[in-house]
Amino acid sequence: MRILLLNPPAEHTAREYVDPANPNDHGLLDTADFGLFPPLGLLYILAALRKSEPKHELFFLDCIAEKISHVELAKRVAEIEPDLVGITSFTIAMYDVCLAARTVRAIFPSAHICLGGHHPIAFPYEAAALPEFDSIVIGEGEEAFPALAEAVAKRADFTGIRGVYTAASIRSPRVGLLEDNRFLNRRMPPPAYIKDLDQILPPDRSFIRNINYRSIVGASDRLATMISSRGCPCSCTFCDVPYKVYRQRLVQSIANEIKSCLDMGYDEVHFYDDLFNITPERVIAFSDEIVRRGFRFTWDFRGRVNTVTLDSLKRAKAAGCRMISFGVETGSDEGLLLLKKNCTVAQIRQVFQWCRSVGILTIADFMIGLPFEKSAVDVRRNIDFMLEIDPDFAQVSILSLFPNTELFADAAKLGLIRPERWQEFARNPVPDFHLDHWEQWLNMSELLRLQKNSYQRFYLRPRYIWRSLLATCSRHEFAAKVQGAMKLFR
Ligand code: SF4
């Protein structure tokens, strides 16, 4: 069989921020401004397919990174002539995802089209009912998708494969018995999932050898992304991370994958885990393994402050850790409590100071437009804290309300949002969908103005500019900083 795994074009992705007073204003920095990262989930599935059935011919298109439009996609699909197409998805990208599926259907009506990714987890019934798809995979596809491929090749029934559904099978009495799913933390049809991450093959990066992925905060243009764990057991009230059970790989297996990346010419690794540093011991064990094996590369991860120790930072630095991104969100203990961040302002201060003392760069992710920020003064106070901890990079988002989160439910209860909008969009994706925000106290125009002001307050400080120029050590870094600065001056 000829199997195509597809990251569809993103020409109509729902806008995160839209200023009703100025509909062309979508905020200072777009998601794409922070970088372009490979769809690792598809590369994992390609590795699994290559092993399970080597005689399949495999194809991969990342329309976003390769700048493939819907028109161009039609030409590529016609050349590939796929029998089976797996399309990854996020809910906010569903209009493009359906367009891409229709393109495939128009050219090869007999091709089997399967929808995977985040959307079927968030909206399983609506996803299964979309006429563009012959099946959906709910959950992690490394075992489910190759099993589906085998069934499709043999024209066999595939509805018994865990996590694979059709519009009919998801409503059948067998599936109708919804599980209270500990894995996904909600009532769901049984999903596909991988218990032991060391049992699956690492992503097949040979498919992205010639694609230029990048991160605005990366030091190199040979950046690999990697996952050392999946899931997050924390309960931040704004977060829709789908997998709640934390599963981690052995440090030896992570180090083996790093070795293969270094052999391919990568010299920087960005860990894409939801939560890399679940304990300081894990960071120490990983760092010591890297030192023991003598690898020379830089790496960074996303973490929480409440599991950081000075010792774990020192060991990470010795192993090449260049940067850590912390979800700080807000600068008051009351706020942190309400967001269920399970940390304190004092801990945040301490960890940013430790990072500076050992020479690890920091990114602080802040949010504004939080339910307890009732005025511009409250927002500015939050940003004052950002200036106080003085990270090397800062990101200021406006809180977006996603289904399956506590804040989404709170907003719905208060009548601030109409939650059915999401189901309606999931049933019938349209191009002009936009996200909801907490606009009880400050409206979107005010929040966008405050967001711009926050970025300018942070990045346009003379001391910051000077420090950051001194610290720029590669052409790639310099170009990224100039690009960011141009936007700030806009
Ligand atoms: S924000 Fe981060 S730490 Fe909190 S639940 Fe989501 S992934 Fe976990």
Side-chain angles (χ1 to χ4, degrees), residues 16 31 34 37 40-41 90-92 117-118 121-122 139-140 181-186 188 191 193 197 217 225-249 270-283 300-309 312 323-345 347-348 351-352 355 362-372 382 386 391 393-411 435 437-438:
E16 192 157 6
T31 316
F34 293 99
F37 303 101
L40 278 183
F90 282 100
T91 298
I92 57 170
H118 194 276
I121 298 171
E140 297 170 326
N181 201 291
R182 192 175 80 90
F183 182 66
L184 290 166
N185 202 25
R186 57 186 91 133
M188 288 284 293
Y193 69 96
L197 297 183
V217 289
T225 48
M226 200 174 287
I227 291 180
S228 79
S229 66
R230 290 186 187 175
C232 176
C234 306
S235 311
C236 305
T237 53
F238 53 86
C239 178
D240 67 341
V241 64
Y243 306 118
K244 297 313 290 179
V245 174
Y246 190 77
R247 292 149 295 152
Q248 50 187 305
R249 296 169 58 190
H270 172 63
F271 283 101
Y272 218 54
D273 306 32
D274 291 314
L275 177 56
F276 182 87
N277 65 327
I278 190 154
T279 61
E281 292 75 24
R282 177 165 200 263
V283 177
D300 65 87
F301 67 88
R302 298 191 289 189
R304 284 175 72 94
V305 296
N306 59 341
T307 53
V308 171
T309 60
S312 67
M323 183 162 65
I324 307 176
S325 169
F326 293 107
V328 175
E329 325 306 354
T330 193
S332 75
D333 282 328
E334 303 74 34
L336 291 168
L337 204 61
L338 286 165
L339 297 177
K340 298 197 177 159
K341 287 294 294 182
N342 203 17
C343 67
T344 62
V345 162
Q347 275 174 312
I348 296 169
V351 166
F352 277 79
C355 285
T362 48
I363 303 180
D365 288 324
F366 274 73
M367 280 195 301
I368 62 171
L370 294 161
F372 43 85
N382 188 6
M386 187 169 91
F393 300 94
Q395 184 176 349
V396 182
S397 318
I398 298 171
L399 168 70
S400 293
L401 298 166
F402 290 102
N404 304 312
T405 64
E406 221 175 300
L407 288 185
F408 184 88
D410 291 349
L435 271 61
H437 306 275
W438 196 286

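Index from 1, following the sequence. In each ligand, atom 1 is the first atom listed, and ligand 1 is the first ligand listed. Heavy-atom basis, side chains included; hydrogens, waters and symmetry copies ignored.
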Protein N, O or S within less than 2.8 Å of atom 8 (Fe) of ligand 1, waters excluded: Cys232 SG
Modelled atom types, side-chain donor and acceptor of Ser228 and Arg282, under 3.5 Å: yes
Expected list for residues 330-337: side-chain donor-acceptor pairs under 3.5 angstrom, two or more places apart:
residue: Ser332; atom: OG; partner: Gly335; partner atom: N; Å: 3.0
residue: Asp333; atom: OD1; partner: Val345; partner atom: N; Å: 2.8

Student check: side-chain heavy atoms of Pro242 and Asn404 closer than 4.5 Å: no
Partners meeting side chain to side chain donor-acceptor pair (under 3.5 Å) with Ser235 (sequence neighbours left out): none
Ring center gap for Tyr272 and Phe37 short of 6.0 angstrom: yes
Qualifying residues under ring-ring contact (aromatic ring centres under 6.0 Å, His included), relative to Phe301, sequence neighbours excluded: Phe276
